[in-house]
Amino acid sequence: MKPSTQPATTQASTQPISKSQEEWQHCLNPQQYRVLREKGTEAPFSGRYNDTDEPGVYHCAACDAPLFGWKTKFHSGTGWPSFFAPISPEAIKTVVDNAHGMERTEVVCGTCGSHLGHVFEDGPPPTGLRYCLNSVALVLKKD
């Protein structure tokens, strides 16, 4: 199920980042590597950004690309940080995810391809989307 109201996702405006498994393991801690590179999920309500309301821009923890602005963040009650729109259409890409016996839409970084979370069609206006992300995949750079 691909969200119909989702902004078009395209190639990132910068050159894609490609690293070997060993290079990713060297620059990410074990939890970041499990989520970002192996498509893991952190436990609900465990992430540092679940309840954060601080101004700033959320960047990819793997490559530092800007992904989501704080003004699009909302409290979904799901246990993961949620946003209704990326900072730009190029910031993210979506991929059909058929893992675990269901069809979902995976959200990956538009620059390095790291797994961020999933997007669902139960978000607030104006997009109706809920980008449900792992805190460990993000770094908040405060305004």
Side-chain angles (χ1 to χ4, degrees), residues 1-14 16-19 21 23-143:
M1 125 182 85
K2 185 170 184 179
S4 57
T5 57
Q6 180 175 345
T9 54
T10 59
Q11 293 288 341
S13 58
T14 59
I17 293 175
S18 179
K19 294 183 180 184
Q21 178 179 345
E23 289 172 315
W24 284 120
Q25 287 175 328
H26 180 72
C27 67
L28 299 171
N29 68 42
Q31 185 183 22
Q32 288 173 322
Y33 184 82
R34 185 182 65 77
V35 170
L36 290 158
R37 304 310 305 171
E38 296 179 332
K39 301 182 183 204
T41 301
E42 65 191 2
F45 302 101
S46 68
R48 64 182 170 179
Y49 298 128
N50 183 49
D51 292 322
T52 300
D53 290 322
E54 297 180 59
V57 174
Y58 291 85
H59 290 245
C60 176
C63 73
D64 199 36
L67 300 171
F68 292 87
W70 69 279
K71 290 183 179 179
T72 65
K73 189 173 186 293
F74 67 98
H75 292 281
S76 65
T78 61
W80 291 277
S82 297
F83 302 82
F84 62 79
I87 202 160
S88 71
E90 298 82 21
I92 57 120
K93 294 180 187 176
T94 58
V95 181
V96 174
D97 176 2
N98 290 312
H100 308 293
M102 61 184 123
E103 185 174 308
R104 298 181 292 175
T105 303
E106 178 187 8
V107 179
V108 300
C109 175
T111 301
C112 70
S114 290
H115 172 77
L116 304 171
H118 291 86
V119 61
F120 303 95
E121 295 179 317
D122 60 1
T127 65
L129 299 176
R130 174 175 51 96
Y131 291 88
C132 185
L133 308 180
N134 292 284
S135 287
V136 72
L138 306 171
V139 173
L140 174 61
K141 295 193 174 184
K142 298 177 186 175
D143 287 343

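Heavy atoms only: backbone and side chains are in, while hydrogens, waters and symmetry mates are out.
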Rounded at 0.5 Å granularity, tell me how far [atom1] in [X] sits from [atom2] in [Y].
X      : Y      : atom1 : atom2 : answer
Cys63  : Leu28  : SG    : CG    : 10.0 Å
Asn134 : Ser114 : CG    : OG    : 11.5 Å
Ser82  : Lys73  : OG    : NZ    : 7.5 Å
Cys132 : Arg104 : SG    : CZ    : 9.5 Å
Gln21  : Glu38  : CD    : CD    : 7.0 Å

Of all the heavy-atom pairs spanning [X] and [Y], show the shortest one and how long it is.
X      : Y      : answer
Gly77  : Phe45  : O-CZ, 3.6 Å
Leu140 : Tyr49  : N-OH, 2.9 Å
Ala65  : Thr111 : CB-OG1, 3.5 Å
Cys112 : Cys60  : SG-SG, 3.7 Å
Leu116 : Ala137 : CD2-CB, 3.9 Å
Arg37  : Gly113 : NH1-C, 4.0 Å

Heavy-atom check, side chain of [X] versus side chain of [Y], under 4.5 Å:
X     : Y      : answer
Leu67 : His59  : no
Trp24 : Ile17  : yes
Trp80 : Leu133 : no
Asp64 : Lys141 : yes

Kindly say whether [Y] contributes a backbone atom to a donor-acceptor pair with the side chain of [X] at under 3.5 angstrom?
X      : Y     : value
Thr72  : Ala85 : yes
Thr127 : Phe84 : yes
Asp97  : Ala99 : yes
Glu42  : Val35 : no

Check: So Asn98 and Glu103, side chain to side chain contact (heavy atoms under 4.5 Å, CB included) or not? Walk me through it.
Finding: CA-CA 5 Å; Asn98 290 312; Glu103 185 174 308; 3.5 Å; yes

Item checked: Parallel, tilted or perpendicular: rings of His118 and Phe120 (30°, 60°) ->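 Ring orientation, 0 to 90° scale: tilted.
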
Note to self: Is it the case that over 12 heavy atoms from other parts of the model lie below 6.0 angstrom from the NE2 atom of His100?
What the structure shows: no

Margin query: The test is side chain to side chain contact (heavy atoms under 4.5 Å, CB included); show your working for Trp70 and Thr52 and say whether it passes.
Written below: CA-CA 9 Å; Trp70 69 279; Thr52 300; over 6 Å; no

Checklist line | For His115, the option from Glu106, Arg34, Lys39 that meets side-chain hydrogen bond (donor to acceptor under 3.5 Å, both in side chains) | finding: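 When Glu106, Arg34, Lys39 are each tested with His115, the side-chain hydrogen bond (donor to acceptor under 3.5 Å, both in side chains) holds only for Glu106.
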
Note to self: Pair Phe83, Ile92 - check side chain to side chain contact (heavy atoms under 4.5 Å, CB included), show working.
What the structure shows: CA-CA 13 Å; Phe83 302 82; Ile92 57 120; over 6 Å; no

